[in-house]
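Quick notes on the structure that follows.
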2 protein chains.
Amino acid sequence: MTADTVADKTDPTRFAAAIGELNAAFGNRVVTSRAVREQHGNTVTWIANQAPDAVVYPQSTEDVQQIVRICAKHNMPIIPFGTGSSLEGHVNAPQGGVSIDFRDMNKLVTVHAEDLDCVVQPGITRKELNEQLRDSGLFFPIDPGANASLGGMAATRASGTNAVRYGTMKDNVLTMKVVLANGEVIETARRARKTSAGYDLTRLMIGSEGTLGIITELTLKLAGIPEAIAGGRCPFPSVEAACNATIMTIQSGIPVARIELLDAMQVRALNLGSKMGLPETTLLLMEFHGTDASVKEQSERFGEIAAEFGGGPFVWTAQAEERTRLWEARHNAAFSNFQLRPGAAMVATDVCVPISRLADCVTQTQADIAESRILAPIVGHVGDGNFHLTMLIDMNDPDEVKRAEALSERLVKRALSMDGTSTGEHGVGQGKTKYMAIEHGAAGVAAMRAIKQALDPQNILNPGKMLPAG
Amino acid sequence: MTADTVADKTDPTRFAAAIGELNAAFGNRVVTSRAVREQHGNTVTWIANQAPDAVVYPQSTEDVQQIVRICAKHNMPIIPFGTGSSLEGHVNAPQGGVSIDFRDMNKLVTVHAEDLDCVVQPGITRKELNEQLRDSGLFFPIDPGANASLGGMAATRASGTNAVRYGTMKDNVLTMKVVLANGEVIETARRARKTSAGYDLTRLMIGSEGTLGIITELTLKLAGIPEAIAGGRCPFPSVEAACNATIMTIQSGIPVARIELLDAMQVRALNLGSKMGLPETTLLLMEFHGTDASVKEQSERFGEIAAEFGGGPFVWTAQAEERTRLWEARHNAAFSNFQLRPGAAMVATDVCVPISRLADCVTQTQADIAESRILAPIVGHVGDGNFHLTMLIDMNDPDEVKRAEALSERLVKRALSMDGTSTGEHGVGQGKTKYMAIEHGAAGVAAMRAIKQALDPQNILNPGKMLPAG
């Protein structure tokens, strides 16, 4: 392809020409109906839906290469789409374009049990994957809550409740097949557990939100299903006490698998949503993985630490049903929140700070929530210093929307002032591009922009995301 | 700085002009004596020493920025230098240039005990760091054997014996201050434990061997010094049995801290060097970290697994002195090897394969060593599938050198054919650039080259390393 065959970006007919070529190549796997297009725009935040011009369903890496080549020729944006559960407008099409929906690329390709890894297509969801892995005694530990696709989880550097023990997506992908903007396909690394051979293209692609390449296959690290799991809940007199107990737990080397903070309002929502009958105070939900002996030891040691900080009693169990009920309630936290204010819109945001600053950041944010007159429960992956604000907003009240936006912006700036980040796990998308220059400085953004320009000179890969307009 | 003020690369006077400016700025912190320059070229492999034209000793990030700006203006290569313990010619100056020696930037800047992290300058070595951390109850777990600098360890994505439990440098750096080729300084991330805000510049810089930027500060994750450590040694009837026991150990979820394979020849060298009196057969050296109860449980379970594969007895202890003696001997393996052939040159190389292929790869390599008539003990970080060949060569025998080179090349190709990597932890430097196209394919190398070009358009940062000549 030579430069002079590429459509000019000012040519208004270029999208129609691209869709024509896609139709010729993929037939009824190209859909342009309004309903389907809108399902592929953003739906789960206050960012308006910006539907793509077409949706295409590839069945192979080669299909994706062909789509990219057609789009490159016509200068048409490409937006990779998994399940659409991202929260910051990642799948919107602000400049129009083609949404690549990985619905049909959802296979578990191979399990290498001896190597504790597996190869998957990007459209498989984490629940489907773990269902199919069950007989192998292995599981994929990253759990962002939503039943997201693995491709989307890699693209947004997802993490969630297990990250304190198992890491995030950046720690659990060995290699990926990625189609670049020029239509070439790369394998970002080998399947070996570690390497020093070249730039870390795997980690560069993870969290790049589809702006540097399109993931068409992933090799994932797996973990053995623990012999024993124990878990439970522990009330604390304050956020500070819960955070200090968390710090001590981690400093003590207790290999906690999950350590989740719920503030009193979040507990209230859980009680309303899941009839849990939990004490409506600051709560830590815990989970420990290991042998029967080690989860008992971990649980007892955590109970002692909690008591030191005025918390307790730590009610724990190694019984599956009871634990499952607690964690299902936790996972349904977002939906339970609607019980606090039926009919409200839910707007979620997250930040992450060094754990020593977590109590301060949460406490200041609670005060800010009260002053802002916004209903916003807090839930946190506190082992990582990461927490979420789930604002319940009447979107028809412009003053309330404005107060919520201001609250959200102060939260980000508060986190940044504490050496934290504007997002621990939700990603940048459209919603947080405005904070990138504060977070990374002009030189950092310029470096990212240079990389983007090097790998996608036409800016066709998910344009308008991640980096602020230059 | 505009383009027309940059010296042309064909101008033979440009290095003298650069050194003149460096002298004016840094006085006696610029050294051009032949002895010092040669100390900063490569010394520890069969790659010839290519000394830089000058060595400069910065004292701050600002000094490094000034050095980079002077070098950029005169189109003079820059080679970052830690302790010079890298193995693939990373610190050579094939195109001449200035070596930046971080000897004077060797401070532990801050310890954030609650956050389990610390801030260091790049010149501090891992032993110095752990010495200074001791009172905090924390330690930095990455141990590549050599007393390398932390800047060098990050630049080469070092790992070593503890990686199976604690990960590699890519997993243990939170953020770095990096001076780019344009003289700007970036902070690659925030100090928060995780983030989804932007491209992963931290991981892009780790393992980039000074070709994308110069590390001037690092924030490192720390681990708590384990309450209890147990360790020991376990003989096996074959490499295959030892590898299978390793796989089973890891599959069982035993959180082994170190699991090291020594082949019979390596054990013989240890016995000669350290008077260990070890059984001269395939050996696994083990270490477990945890509580008294958990290291006992781990040790016993490992002993049972070893027995299943015909290994044992597993002789282990929680006593510090005995363990230390074993691990010191392991760390001195390289030097012990000289006892096998006094006066020989030692040439080390490493590869890494999926663990299911490790026994095959090691066994085939042992046969190849025998056929090649080369003396080459094998030691492996087998939990990661990573192993080293240490060839003891008479460099005055051209036929032997040729046989060793051919052996080394076959080793890399064998690993690559098993979905492994040409280097698990030594890095590419000059020695392994020739394998990059095989490992990453033309499209992968082109992507890396595009990134290099974007961040260092003049190609002044450690040129001639990592990527093959274009």
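Note on naming: letters A, B, ... go to the chains in the order of the sequence lines (proteins, then strands), and numbering restarts at 1 for each one.
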Problem set entry | Between A/Val351, A/Val428, A/Thr423, the one whose heavy-atom pairs under 4.5 Å with chain B are most numerous | A/Thr423
Exercise. In terms of heavy-atom proximity below 4.5 Å to chain B, should A/Met448 be classed as side chain, backbone, both, or neither?
Worked result: both
Exercise. For the candidates B/Ala447, B/Cys352, B/Gly429, which exhibits the highest count of non-hydrogen atom pairs separated by less than 4.5 Å from chain A?
Worked result: B/Cys352
Problem set entry | Contact class of A/His112 relative to chain B, heavy atoms under 4.5 angstrom | neither
For this session: With a 4.5 angstrom heavy-atom cut-off, could you sort out which part of A/Ala163 is near chain B: side chain, backbone, both or neither?
Result: side chain
Exercise. Measuring heavy-atom distances to chain B, does A/Leu467 have an atom under 4.5 Å in its side chain, in its backbone, in both, or in neither?
Worked result: side chain
Exercise. Going by heavy atoms in the side chains, are A/Leu204 and B/Leu201 under 4.5 Å from each other?
Worked result: no
Problem set entry | Check: B/Thr168/A/Lys194 side-chain N/O donor and acceptor closer than 3.5 Å | no
Problem set entry | Selection from B/Asn386, B/Asp171, B/Ile254, B/Ile206 maximising heavy-atom pairs under 4.5 Å formed with chain A | B/Asn386
For this session: Look only at the side chain of B/Ser196 and the backbone of A/Arg157, and say whether a donor-acceptor pair between them is shorter than 3.5 Å.
Result: yes
Exercise. A/Val353 versus chain B, heavy atoms under 4.5 Å apart: side chain, backbone, both or neither?
Worked result: backbone
Exercise. Checking A/Arg203 side chain against B/Asp200 main chain: does a donor-acceptor pair fall under 3.5 Å?
Worked result: no
Exercise. Are B/Arg301 and A/Glu227 within salt-bridge range, i.e. N to O under 4.0 Å?
Worked result: yes
Seminar exercise, completed: Under 4.5 Å to a heavy atom of chain A? For B/Val178 that would be neither
Problem set entry | From CD1 (B/Ile247) to CG (A/Leu116), nearest 0.5 Å | 9.5 Å
For this session: Could you tell me which of B/Ala113, B/Gly420, B/Gly167, B/Gly253 has the largest number of non-hydrogen atom pairs under 4.5 Å with chain A?
Result: B/Gly420
For this session: Considering only heavy atoms and a distance below 4.5 Å, find which of B/Ala223, B/Ala415, B/Gly224, B/Ser159 pairs most often with chain A.
Result: B/Ser159
Exercise. Can you find a side-chain donor-acceptor pair between A/Thr291 and B/Glu297 that sits under 3.5 Å?
Worked result: yes
Exercise. Taking all non-hydrogen atoms of both residues, which atom of B/Ala443 and which atom of A/Val185 are closest, and how far apart?
Worked result: CB-O, 3.8 Å
Exercise. Most heavy-atom pairs under 4.5 angstrom with chain B, which of A/Leu212, A/Thr433, A/Val445, A/Leu358?
Worked result: A/Leu212
Problem set entry | Contacting region of A/Gln453 [heavy-atom separation from chain B under 4.5 Å] | neither
For this session: Identify which part of A/Ile355 has an atom lying under 4.5 Å from any heavy atom of chain B, answering side chain, backbone, both or neither.
Result: both
For this session: Identify which of A/Ala454, A/Gly424, A/Gly444 forms the greatest number of heavy-atom pairs closer than 4.5 Å to chain B.
Result: A/Gly424
Exercise. Is the closest basic N to carboxylate O distance between A/Asp384 and B/Arg193 below 4.0 Å?
Worked result: no
Exercise. Which of the residues A/Ile186, A/Val164, A/Asp115 is involved in the greatest number of heavy-atom pairs with chain B at under 4.5 angstrom?
Worked result: A/Asp115
Seminar exercise, completed: Most contact-rich option vs chain A, by heavy-atom pairs under 4.5 angstrom, among B/Glu187, B/Glu209, B/Glu425, is B/Glu425
Problem set entry | Most contacts with chain B, counted as non-hydrogen pairs under 4.5 angstrom, among A/Thr188, A/Leu416, A/Asp350, A/Leu180 | A/Leu416
Problem set entry | Heavy-atom pair with the smallest gap, counting every atom of B/Thr421 and A/Ala197 | OG1-CB, 3.5 Å
Problem set entry | Pairs of heavy atoms under 4.5 Å with chain A: top-ranked of B/Gly207, B/Ser208, B/Gly198, B/Ala442 | B/Gly198
Exercise. Is any side-chain N of the basic residue among A/Glu439 and B/Arg190 closer than 4.0 Å to the acidic one's carboxylate O?
Worked result: no
